[in-house]
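Have a look at the structure below before the remarks.
Ligands are counted one by one from 1 in listed order, and the atoms in each one are counted from 1 as well.
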Amino acid sequence: MSAVLLSGHEVAEALAAELAAELATLPFIPKLAFVRVGEDPASVAYVRGKNRLAQRLGLATELHALPEATTQAELMALIAQLNAEPALDGVLLQLPLPPQLDSKPVLEAIDPAKDVDGFHPMNVGRLWSGQPTLVPCTPAGLIRILDHYQLPIEGRHAVIIGRSNLVGKPAAALFLGRHATVTLAHSRTRGLEGLARQADILVAAIGKAGFVKPTMVKPGAIVLDVGISRVEGRLMGDVAPEVAAVAAYLTPMPGGTGPMTVAMLMRNTLDAAQARRREPCG
Ligand code: GUN
């Protein structure tokens, strides 16, 4: 048996078509700003991919590519300027930042109404309270993949490995919101292998290439791979390829969860644009 591959490309294209149709009905063009500091090759590639999809859909975009040596004050000043721009709907600060910069105050400075990454503490609080809000793109993409392939979440045991603010924690909130039983595991979890084997839905978001081995997967489980590492020039996920022989469904790497992160950012930008125009707050 080999797992059915859950194509993020397929789901992202379906979402893009839905967004294009929705955009055509809007009396305005949503606008998204990208802020990138430095020239980290992965960040350059991610922002380029996000910008490409935004432009293909017909969104307006602007790119602020700041030098590696940007100061905290300079970055905060740019965020204040973007917050104050009435025609701008979304601000995406690509992470990670160079070491001299502290991302926390910058993320907190982004207007929550323009926070298309869903990283502002107010949006995080709304997410955990079950209120409608802008939700982090990668975990939102996981849910979207499962929904697209009609794989039920309610009542299932979702084990998430990795407790980052970007993926693990918001994924836990989203799965809980969909009535899964959630276990949030991490590097200090005892008995991780046995715990992972209990998962109906296993999310690997640790950032360690090939970490999830077949012995950690219940036969017939759904495995969602969020990891991306470069090993000897090759891209690898957090899930070892041999897991395909045990899982029933598996996201491939590349072409799995990655394209969904980009597509969900567009979903968030449209949502932010519409919400801001309903309740203007800056
Ligand atoms: N870096 C890695 N993932 C992400 C993400 O989802 N958003 C941003 N802004 N930066 C990232």
Any side-chain donor near an acceptor of the partner, R126 and N123, under 3.5 Å: yes
Any donor-acceptor N or O pair under 3.5 Å, side chains T257, T251: no
Around [atom], find the nearest protein heavy atom and jot down its residue, atom name and distance.
atom	answer
atom 11 (C) of ligand 1	Q94 NE2, 3.4 Å
atom 3 (N) of ligand 1	L166 CD2, 3.6 Å
atom 1 (N) of ligand 1	L95 O, 2.9 Å
atom 8 (C) of ligand 1	D117 OD2, 3.3 Å

Separation of S229 OG from M236 CE (nearest 0.5 Å):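 Spacing of CE (M236) from OG (S229) equals 7.5 Å.
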Contact atoms of ligand 1, heavy-atom distance to L93 under 4.0 Å: 8 (C), 9 (N)
Donor-acceptor pair, side chain of N268 and main chain of L134, under 3.5 angstrom: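 Here the side-chain-to-backbone pair does not exist.
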L63 atom CG, over 12 foreign heavy atoms within 6.0 Å: yes
